[in-house]
Amino acid sequence: MCDVCGCGNHDHSHDHTVVTDDTTRRNVEIKQSLLSRNEQVAASNREHFDRHNILAINLISSPGSGKTTLLEKTIEALKDEFKIGVLEGDIETERDAERVRAKGAAAVQLTTGGACHLEAPLVHKGFHALEKQMEGYPDILFIENVGNLVCPSSFYLGEHLRVVLVSVPEGPDKPAKYPKAFKTSDVFIITKADLLPFFDFDVEKVKEEALSLNPNLKVFVVSAKTGEGLQEWFQFLREKVYEKKGAAKETK
Ligand SMILES: Nc1nc2c(ncn2[C@@H]2O[C@H](COP(=O)(O)OP(=O)(O)OP(=O)(O)O)[C@@H](O)[C@H]2O)c(=O)[nH]1
Ligand SMILES: [Mg+2]
């Protein structure tokens, strides 16, 4: 079992084999070394993105919250304004990459083969494959993490923005139960707003709870089905891309 996340996968880029009598101490050491290796590669990913003026966005949520659907809508809306690249994280299958490619974005599927989160070295490798596919660099890189509200919060990938999504049917208690996902994110998107009439989900209360964990969160309430809130999300992305490109010009 993975000492960091308990995901049952032994195929990480780290060594799980060292277990001595003092198992707890060793587990802590292994965890620290894995995280610090991840941090190093994440920092080099970030430098690479900055060098090429790429806005990198890491999407995290439970399985089925609507990450890929939101990406499909975003690609449809912004593909004529920006070059969009996607790294799709899943345990198995190429399905999400196929879905976003069908909307006109370049995409590389990253399959973890069991691990419940993406790590920076896999993103590094996937991004080089994406560069080849695009024969250049995207303006926006979306990284859709493996569906899971726990482990992805602990692994920085080099992103500029981390976006956490919760869909209405998941219930209103997610910020309180999974605080790290909200504390480490920049944006909180409540998805499937069209389903609000059918669930006990008090949007204002959920927002309040999330903001009490992290007052800097930018919050959106959207429905990919009705289009509610999507224009605000697209405008936010435009501003972030322009901000990034403006900052790059100023430093030249
Ligand atoms: N009613 C409603 N359904 C939605 C909305 N957005 C997504 N869905 C549905 O929710 C289901 C899951 O959506 P996905 O976009 O695949 O979710 P995901 O987060 O990418 O899932 P994983 O990649 O498996 O973690 C699909 O059946 C979507 O059609 C929405 O705004 N409203
Ligand atoms: Mg998906």
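Side-chain atoms are counted along with the backbone in the values below, which use heavy atoms only and exclude waters and symmetry mates. When a ligand or atom number is given, it counts from 1 through the structure's own listing order. Residue numbers start at 1 and run along the sequence shown.
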> Can a non-hydrogen atom of Glu144 be found less than 4.0 Å from any atom of ligand 1?
Replying inline: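 True for this residue.
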> With a 4.0 Å cut-off on heavy atoms, does Glu88 reach ligand 1?
Replying inline: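 Judged by the 4.0 Å heavy-atom criterion, Glu88 does not count as contacting ligand 1.
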Per-atom contacts, ligand 1 versus [X] - under 4.0 Å to a heavy atom:
{"X": "Pro63", "result": "25 (O)"}
{"X": "Asp96", "result": "23 (O)"}
{"X": "Lys67", "result": "15 (O), 17 (O), 18 (P), 19 (O), 20 (O), 21 (O), 22 (P), 25 (O)"}
{"X": "Ser223", "result": "31 (O)"}
{"X": "Leu195", "result": "1 (N)"}
{"X": "Gly147", "result": "25 (O)"}
{"X": "Thr69", "result": "6 (N), 7 (C), 13 (O), 14 (P), 15 (O), 28 (C)"}

> Heavy atom under 4.0 Å from ligand 1: found in Asp194's side chain, backbone, both, or neither?
Replying inline: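 Side chain only.
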> How many N, O or S atoms of the protein are nearer than 2.8 Å to the Mg ion (ligand 2)?
Replying inline: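 Number of qualifying protein atoms: 3.
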> Quick check: does Ala224 get an N/O under 3.5 Å from an N/O on ligand 1?
Replying inline: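 Yes: some nitrogen or oxygen of Ala224 is under 3.5 Å from one in ligand 1.
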> Looking only at N/O atoms, are Thr191 and ligand 1 under 3.5 Å apart anywhere?
Replying inline: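 There is no such contact.
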>> Can you tell me which residue among Asn58, Asp50, Ile57 is in a side-chain contact (heavy atoms from CB on, under 4.5 Å) with His160?
In response: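 One option only clears the test, and that one is Asp50.
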> Listed by chain and number, what are the ring pair (Phe, Tyr, Trp, His ring centres under 6.0 Å) partners of Phe234, not counting sequence neighbours?
Replying inline: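 Counting only residues at least two positions away or on another chain, Phe234 forms no ring pair (Phe, Tyr, Trp, His ring centres under 6.0 Å).
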> Of all the non-hydrogen atoms in the protein, which one sits nearest to atom 17 (O) of ligand 1, and at what distance?
Replying inline: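 For this ligand atom, the closest protein heavy atom is Gly66 N, 3.1 Å.
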>> Regarding Lys205 and Glu208, does a basic nitrogen lie under 4.0 Å from an acidic carboxylate oxygen?
In response: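 Salt bridge: no.
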>> I'd like the name of whichever of Lys225, Lys192, Glu228 reaches closest to atom 8 (N) of ligand 1 through any heavy atom.
In response: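 Minimum heavy-atom distance to atom 8 (N) of ligand 1 goes to Lys192.
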> In this structure, which one of Lys174, Glu144, Lys67 forms a side chain to side chain donor-acceptor pair (under 3.5 Å) with Ser61?
Replying inline: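 The residue from Lys174, Glu144, Lys67 that satisfies side chain to side chain donor-acceptor pair (under 3.5 Å) with Ser61 turns out to be Lys67.
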